[in-house]
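Working notes for the structure below.
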Amino acid sequence: MLRTALASNRIVRIRRGVFIDSGLWPEDPREQHLLRVVAELELYPSAVLSHESAGTSWNLPSPGFDAWHTHPASITLPSGGTRSRVGSAVHHIGQLPPAQVTKDSDGRPITSLARTAVDLAAGRSLPDALVILDGAARLLCAAMVARPRRSDYANERLAGAAREMLEQASLTRRPSGLASAIALADPRRESAPESLSAGHFHLAGLPSPAYQTMLESPLGRLYPDFYWPEQRLIGECDGAGKYADEDAYVREKEREQALRDLGYPMVRWLAKEIMVSPQLVVERVSRALT
């Protein structure tokens, strides 16, 4: 019966032994990934969504060109054996502290946001780790207030609490090697390319900038991505999202000109540049700072 239903496309095989009505199989690749994790939980009820699958569920930013949902489904099992690839899924083995397991919006067991970020950031370079840790810090800060505003991400009390949660999660995840990266995590950075840039600037020994600092202008209050107050230098990391339409492009140019007219020099780089050729960006910013 199953072979007939598969042949007629009435059902979809999610993984060996687990099927779903084809009418319920989503078109969205992210939703497909999460259903593959559900299939793993059907066969391993003591498991917890973790790593890339938890990153998908929490909507954490990814440091590469591939989103988390493009990776195999990932779960953590509580005992016995070692990390393994089972069909199209990855099984991790580890005893998770109860405080680091929660429920997702659909009631499935999942590693906490802080533990997920630590799992995904461990073993990565500082810039890549900051993409994940900054994203987690923003989500943690947002969860501490009713309606998050830009000022909440700049609130050091909230940012410190977010870093403390990340640090606590890292202490039970051995080895993590994330202490220095967590200390640099900053919820003010609004995108993965900004976090990558901050990481590469730190490694290059460039002066530490401020992030999303308010500057008054004839257009009102403006918040540049990076700002070095000693040099009055503004840094802007441009991604495709900034210019979703022609009006957005024009507004950005008006904003830049207003800042230049006020005597702020500016240096710009593309998100693709910091991902592919970070040394070129570092050299460009270094020249602008001298």
Side-chain angles (χ1 to χ4, degrees), residues 54-55 57-63 68 97 99-100 102 110-173 176-216 221-230 233-237 239 241-242 271 274 285:
S57 182
W58 287 115
N59 285 313
L60 280 173
S62 169
W68 298 121
Q100 293 178 15
T102 184
I110 185 173
T111 49
S112 67
L113 175 54
R115 177 57 189 254
T116 301
V118 166
D119 282 338
L120 292 173
R124 296 180 183 269
S125 66
L126 174 65
D128 285 358
L130 282 182
V131 170
I132 302 164
L133 297 172
D134 285 353
R138 281 184 68 82
L139 290 172
L140 289 167
C141 285
M144 297 179 204
V145 295
R147 294 183 179 179
R149 300 168 298 176
R150 189 189 300 268
S151 59
D152 293 318
Y153 300 117
N155 184 322
E156 184 51 39
R157 182 175 61 84
L158 296 180
R163 284 191 288 268
E164 184 176 348
M165 284 186 269
L166 292 167
E167 178 64 27
Q168 287 297 317
S170 73
L171 294 177
T172 57
R173 204 272 186 200
S176 72
L178 289 173
S180 58
I182 291 172
L184 293 171
D186 195 322
R188 292 175 296 174
R189 296 191 280 259
E190 296 181 339
S191 69
E194 288 177 39
S195 298
L196 275 176
S197 300
H200 284 294
F201 297 163
H202 179 81
L203 291 177
L206 297 185
S208 297
Y211 305 98
Q212 305 298 327
T213 295
M214 184 191 71
L215 299 177
E216 296 284 359
R221 294 175 175 177
L222 301 178
Y223 298 86
D225 297 337
F226 299 79
Y227 179 56
W228 288 267
E230 185 175 341
L233 177 67
I234 289 172
E236 289 288 316
C237 181
K242 279 192 176 181
I274 198 63
V285 173

- Message: The test is side-chain contact (heavy atoms from CB on, under 4.5 Å); show your working for Leu166 and Leu178 and say whether it passes.
- Response: CA-CA 9 Å; Leu166 292 167; Leu178 289 173; over 6 Å; no

- Taking it one step at a time, do Glu190 and Arg150 satisfy salt bridge (charged side-chain N to carboxylate O under 4.0 Å, His left out)? CA-CA 10 Å; Glu190 296 181 339; Arg150 189 189 300 268; 3.3 Å; yes

- Message: Met214 vs Leu222, test: side-chain contact (heavy atoms from CB on, under 4.5 Å). Steps then yes/no.
- Response: CA-CA 6 Å; Met214 184 191 71; Leu222 301 178; over 6 Å; no

- Message: The test is salt bridge (charged side-chain N to carboxylate O under 4.0 Å, His left out); show your working for Arg115 and Asp119 and say whether it passes.
- Response: CA-CA 6 Å; Arg115 177 57 189 254; Asp119 282 338; 3.0 Å; yes

- Message: As a quick check of understanding, evaluate side-chain contact (heavy atoms from CB on, under 4.5 Å) for Thr111 and Val118, giving each step before the final call.
- Response: CA-CA 10 Å; Thr111 49; Val118 166; over 6 Å; no

- Message: With side-chain contact (heavy atoms from CB on, under 4.5 Å) as the criterion, how do Val285 and Phe201 come out once you've worked through the C-alpha distance, each side chain's angles and the decisive distance to 0.1 Å?
- Response: CA-CA 9 Å; Val285 173; Phe201 297 163; 3.7 Å; yes

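From Leu140, atom CG reaches atom CG of Leu113 across 4.5 Å, with rounding to the nearest 0.5 Å.
Side chain of Arg188 to backbone of Gln212: no donor-acceptor contact under 3.5 angstrom is found. Checking side-chain atoms of Trp228 against main-chain N and O of Pro207 turns up a donor-acceptor pair under 3.5 Å. Using modelled atom types, one side-chain atom of Asp152 and one backbone atom of Arg149 make a donor-acceptor pair closer than 3.5 Å. A donor-acceptor pair is defined here as one N or O able to donate and one able to accept, closer than 3.5 Å; no such pair exists between the side chain of Ser57 and the backbone of Ala54. In this structure a side-chain-to-backbone donor-acceptor pair under 3.5 Å is missing from Thr213 to Ala210. In terms of modelled atom types and a separation under 3.5 Å, the side chain of Arg124 and the main chain of Leu120 share a donor-acceptor contact.
In summary, the side chains of Thr102 and Ser112 do not present any donor paired with an acceptor at a separation below 3.5 Å, with no hydrogens or angles considered.
Ring planes of Tyr211 and Phe226: perpendicular class, angle over 60° (limits at 30 and 60°).
Closest non-hydrogen pair, Ala185 versus Arg163, comes out as O-NH1, 2.8 Å.
For CD of Glu216, the number of neighbouring non-hydrogen atoms (other residues, nucleotides, ligands) closer than 6.0 Å is greater than 12.
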